[in-house]
Amino acid sequence: MINTTELLAALTQGARALSETARFTEGVQQLLARIGETTGASRVWVFQLIDLQDDAIIQDYVFEWAAEPRFRQLTQRRFRFFATLFDDPQFLTLVDQRRRGQRQSTVTAELPPGSLRDNLESQSILSMATVPILVNGQWWGTLGIDDCERAVDWEGPGLDALGLAAELIASGIYRQQLSSRSSQLELFHKVTDCGVWELDLVSGDPWCSQGLRRRLGYPETYPHVPLRRLLEGILEADRAALFRQLRQALHDRSSHCRQDARVRTAGGEYAWSEIVADITYDEQARPLSIAGLLIDISQRKRQEEQALIASHHDALTGLLNRRGLDRRFAELAPRDPTDDRAPHLLLLDIDHFKPVNDRHGHPAGDQLLRLLTRRLRQQLRQEDALARIGGEEFAILTTAMTTAQARDLAERIRRAIAGHPFTLSVPDTKTPLTLSITLSIGLVVLPAVTDPHGCQADAVARADRALYAAKHHGRNRVVVADACPTEGSAAPPPQVLDESHPGQHQRAGRQPDRQIEQ
């Protein structure tokens, strides 16, 4: 039997907790605890109504008090935004009664066979009492009691007390909806596309504005978004960076912190946001709370990404430029000196390119460069980097391969260009222009150093000398610089690979200064 006097005293204590406790969620938890302890129930819970559809109801488990850990269900994933089908007339009647504000007392063993009884039995529920929580006359959610050890009939004082508790919770929700946080709202109105948040560092309880809850996919009336759910919505790598920023700010007793992060939105996609935090400390410099904004910066990030792409790519061909090639050098991983596979650098220069512009005009020259780019890409792997680093000069940075493979690649590229003329469309003429061109190529292997980027200047210089040698020995050929020595030692002169005798290598003498090709 339920002691009515004790139950009324418990409700009084719960009502006081709701009105006096700074945090609404803490007041609800205390109210549920008083009800559970007084009634001897296994658990007391609150479901929030998320959506009521024609064939199902979607709810979320938002509050729970459990007499013992074995009765706890709030942390189970199956009760997070869970849907229940209306495949049982008994359950449909139950939902209809809640919509009309009616209370129910249910003894599981007395229910007819069906999904409702099966569901209660799967949770070991012997009896249950539920009352709807109505906010502004609308069904907001449900307050319930589960007993897993007794088949209790809650009709009478039990349901009356539970109904009163539901009214107290509804009043708390209404007050929470009406409460304003003047400083946060001031910030919110200053910045568009943002949400306001606050974290109590003493209790660990977060608060979110309606705009932020809506952006994260929660109803505006959602009373409490757990901190773990908020953190799960931040991409793991960005979450780790945010924690580092916050720890550093707390260590330095700083009041401000900013971090860009990718946050999962209502649509399930990640969008860039700027997290702005303001930390409050007490007189002993102990942190009390962190409040701030979550600002949508998706457009800014897109503009930054477009600017970065533009700054690393050639406008005419779409290839990497010198800056983009530098970045690919920096991304190279250190190589094992015992591995005969290594990155290689190829410098390519179009032989006699200047006359193309002089005789046919720069539009023809630009068209030729674009067609050459397409043909070069066809010879490369997806992971190889192709860059235009001068007017008619290109560079290829390969990933791991043997020098023999790199030499074969260079020869394959040379033949693909020399053996197949290019057809250009010339404005104001009906006859296409056919041009045959050749390439001179300098090839060098990158050394096995701990910092591949550190050897970039040396590799470019040696590949450039090999390219000069190819020009000096008649063009349309590949010159291979000897395998790069260890750091600090001198490099031997390059070797010439004659296209007419691919099996022979001739030593090149001292190279003349590079001349402009005519």
Side-chain angles (χ1 to χ4, degrees), residues 1-49 59-76 79-80 103-106 120 123-135 140-154 156-176 199-207 222-229:
M1 292 293 295
I2 298 174
N3 189 308
T4 304
T5 302
E6 292 180 358
L7 189 55
L8 289 175
L11 289 174
T12 302
Q13 294 171 2
R16 186 179 300 115
L18 275 171
S19 61
E20 296 179 355
T21 304
R23 295 287 178 182
F24 164 74
T25 55
E26 184 179 343
V28 173
Q29 288 295 152
Q30 291 187 27
L31 174 61
L32 299 189
R34 299 289 84 77
I35 295 173
E37 292 165 355
T38 303
T39 61
S42 301
R43 57 179 162 262
V44 186
W45 46 266
V46 173
F47 286 172
Q48 182 175 0
L49 173 65
Q59 303 176 93
D60 193 19
Y61 206 168
V62 290
F63 295 105
E64 179 190 72
W65 172 88
E68 298 177 23
R70 62 191 175 100
F71 296 131
R72 190 164 180 79
Q73 297 187 145
L74 182 64
T75 56
Q76 297 182 20
F79 290 110
R80 181 178 178 183
R103 311 164 183 175
Q104 301 94 16
S105 176
T106 304
L120 296 179
Q123 301 175 60
S124 302
I125 298 174
L126 300 182
S127 60
M128 175 181 68
T130 57
V131 295
I133 300 173
L134 303 178
V135 179
W140 178 92
T142 305
L143 171 64
I145 294 180
D146 291 340
D147 202 309
C148 299
E149 298 178 321
R150 302 171 301 171
V152 179
D153 183 358
W154 296 92
L159 275 181
D160 292 339
L162 202 60
L164 180 56
E167 292 288 344
L168 293 173
I169 294 174
S171 298
I173 294 172
Y174 183 73
R175 288 196 305 272
Q176 186 192 41
L199 174 63
D200 189 323
L201 295 177
V202 178
S203 66
D205 193 14
W207 175 88
Y222 207 80
H224 172 58
V225 183
L227 180 60
R228 59 182 175 82
R229 292 192 186 177

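- Side-chain atoms of W65 and V46, non-hydrogen and from C-beta on, never get closer than 4.5 Å to each other.
- A67 approaches A41 most closely through the heavy-atom pair CB-O, 3.6 Å.
- T142 approaches I133 most closely through the heavy-atom pair C-CD1, 4.0 Å.
- F79 CZ to D60 CG: the interatomic distance, rounded to the nearest 0.5 Å, is 11.5 Å.
- Between R70 and E149 there is a salt bridge, since at least one side-chain N of the basic residue sits less than 4.0 Å from a carboxylate O of the acidic one.
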> Can you list the steps and then say if L199 with L227 is a side chain to side chain contact (heavy atoms under 4.5 Å, CB included)?
Replying inline: CA-CA 8 Å; L199 174 63; L227 180 60; 4.0 Å; yes
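- Closest non-hydrogen pair, D153 versus S105, comes out as OD1-OG, 3.2 Å.
- There is a side-chain donor-acceptor pair under 3.5 Å between Q73 and Q123.
- Residues R103 and D160 are paired through a salt bridge, judged by an N-O separation under 4.0 Å between the basic side chain and the carboxylate.
- Here CD1 of I145 is found 12.0 Å from CZ of R43. Values are rounded to the nearest 0.5 Å.
- Between the CH2 atom in W45 and the CZ atom in F63 there is a gap of 14.0 Å [rounded to 0.5 Å].
- In terms of heavy atoms, W154 sits closest to S127 at NE1-OG, 3.8 Å.
- Interatomic distance, E167 CD to L162 CG, rounded to the nearest 0.5 Å: 11.0 Å.
- Taking both residues in full, the closest heavy atoms of P226 and P206 are given as C-CG, 4.1 Å, listed atom of the first, atom of the second, then distance.
- Considering every non-hydrogen atom in both V135 and W140, the closest pair reads CG2-CB, 3.7 Å.
- Distance CD1/I35 to CG/L168: 8.0 Å, rounded to 0.5 Å.
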>> Go through it in stages, so that I can follow the logic: the residues are M128 and L120, the test is side chain to side chain contact (heavy atoms under 4.5 Å, CB included), and I'd like the CA-CA distance, side-chain angles, deciding distance and then a yes or no.
In response: CA-CA 9 Å; M128 175 181 68; L120 296 179; 4.0 Å; yes
